[in-house]
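Each chain gets a letter, A, B and so on, in the order its sequence line appears, and its residues count up from 1.
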Amino acid sequence: MERHKIAALIHSETPVDTVMIKGWVRTRRDAKSFSFIEINDGSCLGNIQVIADATLPEYDQVRKLTTGSAVHVSGALVASQGGGQRWEVQASAITIISLAPESYPLQKKRHSDEYLRSMAHLRPRTNKYGAAFRIRSELSYAVHQFFRERGFRYIHTPIITGSDCEGAGELFRITTLDLMNVPIRDRAVDYEKDFFATEANLTVSGQLSVEMFALSLGDVYTFGPTFRAENSNTRRHASEFWMIEPEMAFCDLAGNMDLGEDFIKAAVSFIMDNCQEDLNLFARFVDKTLMATLENITTSEFERLPYREAVAILERAKKKFEYPVSFGSDLQTEHERYLTEKHFKKPVIVYDYPKTIKPFYMRMNDDNETVAAMDVLVPSIGELIGGSQREERLEVLEERMDEMGLEKEPYWWYLESRRYGSVEHSGFGLGFERLLMLITGIRNIRDVIPFPRTPGSIDF
RNA sequence: UCCCCAGUAGCUCAGUCGGCAGAGCAAGUGGCUGUUAACCACUGGGUCCGCGGUUCGAGUCCGUGCUGGGGAGCCA
């Protein structure tokens, strides 16, 4: 007989004569002549209540069941006599797959996030983390569904890269050299002796690679892991995270902003429609304003304003900022949050940033002072998307690289795309975990990644 | 990397002016009950984060290190 998932039984329309479930005991309550056992198998947030009568031959074993133990239950799905649940399983046979001893660290009460972080291998067995990671799975699906419905192709850009493409943060070096005996040539490490015969790193962005595919397949995206060796210690940064990077040929900055806004709305709506039960846990216990926030995102039109106007608003603001604002300075976290949380009270897209604070590949505007960049700012998270129209004019691109003192040789292939049939194109990067934080109300990025990596921390 | 806060029972935390180490929950045992994070009683449980210092005496004061959290920078 095939195992029934608890998610299916809970939503059953009718009683079922014979069912078989396997799962982990959440709690056991003993009555005079029988026991209640709450079982969870991870298929959904809810448990199913099992009634184990004292007449069962294995009943003395049932009395020993502890929280965390694994069991196999056969029986009938019947209407529950008690309140609180529609169905319950009247057991005809219970097999203990394995017992969890009293040292099992998860109790039948809420634990702090910090405590659960120290046991990332067990925390998905809790309601909150089980819900978080089911939503993470659904959100991944929503990403692919969104792009596929719009005719985008999924491109697997490399995880190992040969050069510091884009300079987006510090890199993790990968090597097979013997670190106790590093080959030296001309008083420097001789990378010609290394695995790839040159320096190699983990990717910090798939953008430059995926641009090549936008310039051949049209509308494309990447969705994969990204690595930053920045020593940043905040609740919004991790050393390994997942990024979604769409790239569109024949698309300008306005089209880019349209896609970003559509994507965020679609992702939020997908989870609201498909993960109601799990989402409700976060709305009740994690962030009381969550549903209002999500409604606000799906229903409001994102405010779009040039960087110049954003600075003007901040200069007029009565609020005292720690960092002064002026044209040419990047917006600080406090500025971004003021714009989206206080001033507009909804997601905001700031565009046309000064060229001095943005990377070389962003398209120069006609004012020769700003570039066609755009950031999407959302309440509580801050920057969720960073993107731009890319510079498609070879001579302008090379001029920018010279200005910024970049060597052109490592980018020869990138520059060739501007030499052969170059067209306007645009794209952005969106932090998957930040989107998940926005949707669940979870405030620390370490709590939306199964096994998070941060500076000084790589347990599990 | 910088600034701030914290570290006491398995968990969450209290501990006054420097003077006998505490509570709730959990666990164990027993009881009661179609129960819902059940309930009642009893029992066990401590390297007060480490190291050094001040003191007759340090969980408490000082120095230092480690770990965790929050904020900033950097960014997604």
Side-chain angles (χ1 to χ4, degrees), chain A residues 26-38 46-53 63-64 66-68 78-85 88 90 100-119 126-127 166-170 204-207 223 225-245 260 285 321-323 329-337 357-359 375-378 381-387 428-438 443-449 454-457 459:
Chain A
R26 281 295 175 80
T27 171
R28 189 194 87 236
R29 292 181 293 273
D30 298 322
K32 195 181 209 96
S33 57
F34 61 96
S35 296
F36 300 100
I37 312 167
E38 298 265 352
N47 307 321
I48 196 137
Q49 176 166 286
V50 170
I51 309 299
D53 278 326
R63 283 274 183 168
K64 291 181 185 147
T66 50
T67 300
V78 299
S80 179
Q81 294 174 34
Q85 61 279 317
E88 64 191 18
Q90 180 70 47
E102 64 192 67
S103 56
Y104 185 62
L106 298 177
Q107 301 171 2
K108 291 179 286 188
K109 63 167 190 171
R110 288 177 73 182
H111 291 291
S112 67
D113 293 326
E114 292 79 11
Y115 176 67
L116 292 171
R117 233 168 263 157
S118 73
M119 49 188 85
T126 65
N127 286 339
E166 176 192 2
E170 295 293 313
V204 292
S205 164
Q207 181 200 313
F223 177 27
T226 305
F227 309 88
R228 304 270 170 97
E230 293 285 353
N231 186 18
S232 49
N233 295 283
T234 83
R235 61 179 182 84
R236 302 187 311 280
H237 292 86
S239 309
E240 177 182 309
F241 63 98
W242 282 56
M243 193 152 60
I244 299 155
E245 295 176 286
F285 299 118
F321 293 114
E322 192 184 337
Y323 292 87
S329 66
D330 207 354
L331 299 182
Q332 304 293 318
T333 300
E334 57 176 343
H335 304 138
E336 295 178 346
R337 295 189 64 164
I357 56 172
K358 290 293 181 185
D375 285 357
V376 179
L377 314 176
V378 296
I381 307 291
E383 184 179 341
L384 181 59
I385 283 181
F428 60 80
L430 181 152
F432 183 64
E433 283 78 11
R434 290 191 180 172
L435 181 59
L436 201 46
M437 289 166 73
L438 178 70
R443 289 184 55 78
N444 195 309
I445 197 168
R446 297 175 185 88
D447 297 334
V448 296
I449 301 179
T454 52
S457 176
D459 287 338

For A/Phe432, give me all partners under ring-ring contact (aromatic ring centres under 6.0 Å, His included), at least two apart in sequence or on another chain. A/Phe223
Output a table of nitrogen or oxygen pairs between the protein and nucleotides 65-70 of chain B separated by less than 3.5 Å.
unit_1 : atom_1 : unit_2   : atom_2 : d
B/G69  : OP1    : A/Arg117 : NH1    : 2.7
B/G70  : OP1    : A/Asn444 : ND2    : 3.1
B/G70  : OP2    : A/Asn444 : ND2    : 3.4

side-chain contact (heavy atoms from CB on, under 4.5 Å) filter on A/Tyr323, not counting sequence neighbours, yields A/Gln332, A/Glu334, A/His335
B/C75 P sits how many Å from A/Ile381 CD1, rounded? 18 Å
Once side-chain contact (heavy atoms from CB on, under 4.5 Å) is applied, do any residues pair with A/Ser112, and if so which ones, sequence neighbours excluded? A/Glu114, A/Tyr115
Sort me out a list of protein N/O and nucleotides 42-51 of chain B N/O pairs below 3.5 Å, or just none if empty.
none

Strictly under 4.0 angstrom, non-hydrogen atoms only: write out the protein contact profile of nucleotides 25-32 of chain B, one letter per nucleotide from the 5' end, B, S or -. BSSS----
For A/Arg117, salt bridge (charged side-chain N to carboxylate O under 4.0 Å, His left out) partners two or more places apart: A/Asp447
Which residues share a ring-ring contact (aromatic ring centres under 6.0 Å, His included) with A/His237, sequence neighbours left out: none
Considering residues at least two apart in sequence or located in another chain, which fulfil the side-chain contact (heavy atoms from CB on, under 4.5 Å) criterion with A/Arg63? A/Asp30, A/Ser35, A/Tyr59
Salt bridge (charged side-chain N to carboxylate O under 4.0 Å, His left out) involving A/Arg110 - partner list, sequence neighbours excluded: none
Salt bridge (charged side-chain N to carboxylate O under 4.0 Å, His left out) filter on A/Glu433, not counting sequence neighbours, yields A/Arg136
Could I get the full list of side-chain contact (heavy atoms from CB on, under 4.5 Å) partners for A/Lys64, not counting sequence neighbours? A/Gln61
